[in-house]
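This report refers to the structure that appears directly beneath it.
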There are 2 protein chains.
Amino acid sequence: MIKLSKKVEYAILALQYIAENSSKTNTAKEIAGKLSLPYDFLSKLLQTLMKKGLLVSQLGVKGGYKLVKQISEITVEELMNALDERSSIVDCADGDSNCCSRTEICDIRSPIMTLQEQINNIFKNTTIANLKNNINI
Amino acid sequence: MIKLSKKVEYAILALQYIAENSSKTNTAKEIAGKLSLPYDFLSKLLQTLMKKGLLVSQLGVKGGYKLVKQISEITVEELMNALDERSSIVDCADGDSNCCSRTEICDIRSPIMTLQEQINNIFKNTTIANLKNNINI
DNA sequence: TAAATTCCGATAAAAATAATCGTATTTTTG
DNA sequence: CAAAAATACGATTATTTTTATCGGAATTTA
Ligand code: FES
Ligand code: FES
């Protein structure tokens, strides 16, 4: 509860890595190797980011991934949306159905939505670049 | 990812219900019935809240639960701590081990912690009473 | 044509969450 | 005292979500 998925965690690290090596195309294999992340999982994740327009890919030998925009322009919210098809704090917050209250009118829906927005704002206001240490330790 | 567990969701509803009926002791059965929540699950959850000091229970016939303090004095953070043994945004944030980076020094730990704190603050500043609609719909 | 790569669908394994069950204990009340 | 209505508690199961893996197809370079 209230935690980042590995997908998002790995993606943050990968995007930062690609940003640092933005002069070249970066292969999934290299990134996985350097960051010690599971290759298959990372690979799929990068493909998703590519499909969502955060990365461009080049096929074949000499292929790999490059950034489309700078990591200072990619928010955590954007990344979460791209990878996790948007999860909300409670089920109703992104849909139709009554999620919490089994009575006719939900007693907490509106304030829960407010809570949701506050959390969204944090992720909206944090970029992948913000999540990079300037000084280690 | 970033969502409330059913435990917390049910607990919010249950605490609000108990608050509305604070003149009497409320049985798990009644609460589950009125809110259409699974009895066994709710029952265990209330026992946990009791052990954590948020509720007092009375055994036997005429037994049930009462609040110890008002719901305007119980924060969501408190509730989450009581029910879920504290989950943090990434593994390292509540422990010892290196969680994200497999390299020697974690590249994102410190800013992730900042993110964590921002989220914590939201839950720290929201009470169960805050999560109650004044006007339905 | 071979090697390095992305791409894609399917599936499997693991972990976390949610729900259920059986039984013991406590208290009230008739 | 006995029965009923509760909580208390441990164990287990079921379900869902998350994480990881696999096998092969398509693409590009050299
Ligand atoms: S219906 Fe979603 S919070 Fe109540
Ligand atoms: S070791 Fe936890 S965020 Fe890096």
Side-chain angles (χ1 to χ4, degrees), chain A residues 1-11 13-14 18 24-33 35-66 80 83-91 94 99-100 102, chain B residues 1-11 13-14 18 24-33 35-66 80 83-91 94 99-100 102:
Chain A
M1 124 180 281
I2 320 297
K3 70 176 178 187
L4 299 183
S5 64
K6 290 297 173 195
K7 267 195 214 170
V8 170
E9 190 177 319
Y10 296 168
L13 291 165
I18 296 173
K24 65 191 187 73
T25 58
N26 298 273
T27 69
K29 193 178 167 189
E30 179 194 342
I31 301 169
L35 302 175
S36 302
L37 304 176
Y39 168 77
D40 285 300
F41 194 64
L42 177 69
S43 175
K44 186 141 298 176
L45 179 170
L46 294 174
Q47 286 168 36
T48 306
L49 294 183
M50 183 272 297
K51 272 194 276 192
K52 295 299 174 66
L54 295 181
L55 292 174
V56 281
S57 65
Q58 188 184 339
L59 287 180
V61 181
K62 287 266 174 188
Y65 295 94
K66 294 189 100 167
M80 290 185 357
L83 292 173
D84 283 288
E85 53 277 343
R86 205 355 153 224
S87 84
S88 44
I89 209 175
V90 285
D91 296 335
D94 56 1
C99 71
C100 68
R102 315 308 180 269
Chain B
M1 120 180 283
I2 320 295
K3 68 176 179 189
L4 299 183
S5 64
K6 290 297 172 194
K7 265 196 216 170
V8 170
E9 190 178 319
Y10 296 168
L13 291 165
I18 295 172
K24 64 191 187 73
T25 59
N26 299 273
T27 68
K29 192 178 169 188
E30 179 194 342
I31 300 169
L35 302 176
S36 302
L37 304 175
Y39 168 77
D40 285 300
F41 194 63
L42 178 68
S43 175
K44 186 141 298 176
L45 180 169
L46 294 173
Q47 284 168 36
T48 306
L49 294 183
M50 182 273 296
K51 270 192 277 191
K52 295 298 173 66
L54 295 181
L55 292 174
V56 280
S57 65
Q58 189 185 337
L59 287 180
V61 181
K62 285 267 172 187
Y65 296 94
K66 294 189 100 167
M80 291 185 355
L83 291 173
D84 284 287
E85 52 275 346
R86 205 358 150 220
S87 83
S88 45
I89 209 175
V90 286
D91 297 334
D94 54 2
C99 72
C100 68
R102 315 306 179 270

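Excluded from the calculations below are hydrogen atoms, water molecules and symmetry mates; all remaining heavy atoms, backbone and side chain alike, are included. The chains referred to below are lettered A, B, ... by the order of the sequence lines, with proteins before strands, and numbering in each begins at 1.
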Looking at [X], I'd like to know whether one of its side-chain N or O atoms comes within less than 4.0 Å of OP1 or OP2 on [N].
{"X": "B:S57", "N": "D:dA8", "answer": "yes"}
{"X": "A:Y65", "N": "C:dC7", "answer": "yes"}
{"X": "A:Y10", "N": "D:dT18", "answer": "no"}
{"X": "B:Y39", "N": "C:dA18", "answer": "no"}
{"X": "B:Q58", "N": "D:dA5", "answer": "no"}

Check the distance between [N]'s [atom2] and [X]'s [atom1] and give it to me in whole angstrom.
{"X": "A:I18", "N": "C:dT6", "atom1": "CD1", "atom2": "P", "answer": "10 Å"}
{"X": "B:F41", "N": "D:dA8", "atom1": "CZ", "atom2": "P", "answer": "17 Å"}
{"X": "B:K51", "N": "D:dT7", "atom1": "NZ", "atom2": "C1'", "answer": "12 Å"}
{"X": "A:Q47", "N": "D:dA26", "atom1": "CD", "atom2": "P", "answer": "15 Å"}
{"X": "B:I2", "N": "C:dT17", "atom1": "CD1", "atom2": "P", "answer": "12 Å"}
{"X": "B:L45", "N": "C:dA18", "atom1": "CG", "atom2": "C1'", "answer": "11 Å"}
{"X": "A:D40", "N": "C:dT5", "atom1": "CG", "atom2": "P", "answer": "15 Å"}

How sharply is the helix from C:dT1-D:dA30 to C:dG30-D:dC1 bent, taking the axes over five pairs at either end and rounding to 10 degrees? 10°
Taking all atoms of both residues into account, what is the closest heavy-atom pair of B:G63 and B:T25, and its distance? O-OG1, 3.5 Å
Between B:Q47 and B:Y65, the two heavy atoms sitting closest are CG-OH, 3.4 Å
Which sits closer to the 5' end of DNA chain D, A:K62 or A:K7, going by the nucleotide each is nearest to? A:K7
With a cut-off of 6.0 Å (strictly less than), are more than 12 heavy atoms of other residues, nucleotides or ligands near NZ of A:K24? yes
Donor-acceptor pair, A:D40 side chain versus A:P38 backbone, under 3.5 Å? no
Do the non-hydrogen side-chain atoms of A:L46 and A:I31 ever get within less than 4.5 Å of each other? yes
